[in-house]
Amino acid sequence: MTVRTRFAPSPTGYLHIGGARTALYCWLEARHRGGEFILRIEDTDRERSTEAAVQAILDGMQWLQLGHDEGPYYQTLRMERYREVAEDLVRAGKAYYAYETKEELEALRAAQMAATIKPRYNGAYRERNEPMRDDPNRVIRFKNPQSGSVVFQDKVKGRIEWSNEELDDLVILRSDGFPTYNFAVVVDDIDMKISDVIRGDDHVNNTPRQINIYNALNATAPNFAHLPMILGADGQKLSKRHGAVSVMQYRDDGFLPHALLNYLVRLGWSHGDQEIFSREQMVSLFDVADVNHSAARFDLEKLSWLNQQYLKNDDPETLVPHLQFHLDACGYDLSSGPAPADVIVALRERCRTLKELAEKAAVWYGPIASWDDAAVAKHLTTPTAVPALQAVHASLAALTEWKVEQVHSAIEAAAAAIGEGMGKVAQPLRVAMTGTQVSPAIDQTVYLAGQSRALARVEEALRRAGA
RNA sequence: GCUCCCUUCGUCUAGUGGCCUAGGACAUCGCCCUCUCACGGCGAGAACAGGGGUUCGAACCCCCUAGGGAGCGCCA
C-alpha cells in the first residue's frame, strides 16, 4: 500500500509555526517512504474560513517549498458526499436524526457541569428512530458504541486506550447540512486513501471517536501520529496574541526558508547530535516514529544561529534571490553599488538575518546616513588621522585597477608611508567609509564603496577632521 | 470536575538497565585570533521534577505525588 499523508489546515488564519512543522513532518514522512503528500483545505467552518487565509496558507507552503502531490482539495466542494455518507449511516442504523435546539443542549451541558459530571449528549433520540422531517434543528448524530474501549497504537505516543463510556453520540451532520470536523476528516481520509494521519496532539482526544466512525463505515483506520505542540519562548501556548506569527513573517524578518525548516525539524526530532540537515538528509533520516513526546519551546536565538550557518555556507549566488526581497524593502538603487553577491560575502559573518544584511549594506548604495560622534572623536581627531587619511587617499587615487587585493595593498602602503600600523589607518578610514567604527574588513569595505565614492568619503572625512 | 497526554542543563536535545563522575547544540561567561565588529578555535558554569519500589546495578522498568498541557461544541 502506498504511503499517503495529508496536511489539512483550516483556513481561519495564516500558516503559523506549528502548522508549518506539521506540514513539514507530513511531507517528510511521505517523501521518506516514497509516498504521496496531499493538501486538503478544511473549510467547513463558514463563520471563520476566508479566501485570504487559503491564499496565505498556499503562500506559506510555497515559500517553504513543501510541494504537494495532490490537491488542494476543498471540503466545501464535497458537501454532497458527506451528506450521502451520513444518510447511509442512518439507513444502516448507525446514526440517527436528533432535534434538540441549541438552547436545550446548552442547558443539558450546564446541568451536567453543575453536577460535576463530564458533559455529554444524553442520547435522547438514540433509540427513537425518528424519521427525517423538516426542522431547523435537525442534525444527524453518530451512534457511538456504549461499551468496550478503543485502542490504537499512536506512532509517537504509543498505545492509547479510550473507554467508549467517555464518548457520546456526536453530531456528524449539522442542521445547516455541513459536516462536523470529526466526520468530514474520516470521510475524506477514507476517500483520499490516507495511510498515515500526522497532526497536532490536540487531536488525540478526537481519535477514538474517529476510529469508531471508521469502524461504522467498515473502513480500516489509518496509522496515527500525534505531534506534541510548539510553545512560545515563554512556555505559553502560541496564539494570535501570543507570538503565533505567520511563517511569512519569518521571511520578512530575514530568515531563509530552509533555515526555518531545519530549525523546525529539530524541534521534536533529532538524529544523534546532528544540527544541520540538508533537505535530502531530512528526507532520508526522518521517521515520524522518532518524534519526541513532549512539547517544545520556540527559540528565536537558535533559529537565528541556524540562519547564519546557511548564510555563511551557501553559495552567495543562491542567496541573492532571497536577499532581493530585503534589498527592495530598503529601497536601494542597485546600479549605484556593488553586486548583491559581493555584499553577501562581505557581511554574512556578521549578520544573522538577510534583513540585517540588507540594512548594513546601506553604506554602499547611498550616502552615509549619519556620523557617529564617538567614532569621529575617537578616530578622526587623533594626531595620525589626517596624515593617515591623506596617505591612503593618495594611494587609493593612484590605483588603476579596483580590486580587493589592490585596495588592500594601497592601505598597507599608506600605513607604511606614515610609519604606523594597520590600525592607525584602518580605523580612521573605516569611519570615513561608514561614519561608524564598525564594518567588515577595511579592504572589503573600501572596495565595495567603489573608487570614486571611496575617495569622496576620505575627502569628506578630512574636512571633518579639520584638515 | 472527568478523560487522555507530557516531565534530562535557561532552551532544543542524546540517552531504550552497566559504555553516564549524563554527551552535543543554542544562549551565557572567560581566553586566543585580530584593522573594528564578527567568524573561528579553546575552555568554564549549567540538567535526569519529587518520593517509593524492582534489580547486583536505574535517567532508562513499575507505582504514587507534584507540576504542565490537551479535550469534554451543530470549531477545527
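- One atom, NE2 of A/His271, and another, C1' of B/rG24, lie 14 Å apart when rounded to the nearest Å.
- For A/Arg430 against B/rC35, a side-chain N or O and a base N or O form a donor-acceptor pair under 3.5 Å.
- For B/rA76, the base has no donor-acceptor partner in the side chain of A/Asp202 [N/O atoms by modelled type, under 3.5 angstrom].
- In this structure, A/Tyr263 atom OH and B/rU11 atom P are separated by 12 Å, rounded to whole Å.
- Whole-Å rounding puts the A/Ile117 CD1 to B/rC72 P distance at 17 Å.
- At the phosphate of B/rA76, neither OP1 nor OP2 sits under 4.0 Å from any side-chain N or O atom of A/Arg48.
- Counting atom types as modelled, A/Ser175 pairs a side-chain N or O with a base atom of B/rC74 as donor and acceptor under 3.5 Å.
- The same atom, C1', is picked in B/rG40 and in B/rU34; the two are 11 Å apart, to the nearest Å.
- Between B/rG50 and B/rA27, the two C1' atoms lie 28 Å apart (nearest whole Å).
- Checking B/rC37, B/rC74, B/rC26 against the side-chain heavy atoms of A/Val139 singles out B/rC74 as nearest.
- In the set B/rA76, B/rC39, B/rC74, the nucleotide with an atom closest to the side chain of A/Gln308 is B/rC39.
- Ring centers of A/His258 and A/Phe277: at least 6.0 Å apart, outside the cut-off.
- No more than 12 heavy atoms of other residues, nucleotides or ligands lie within 6.0 Å of CD in A/Glu51, so this atom counts as exposed by the packing criterion.
- Below the 3.5 angstrom threshold, one finds a donor paired with an acceptor across the side chain of A/Glu275 and the base of B/rG24.
- Side-chain atoms of A/Glu100 do not come within 3.5 Å of backbone N or O of A/Arg138 as any donor-acceptor pair.
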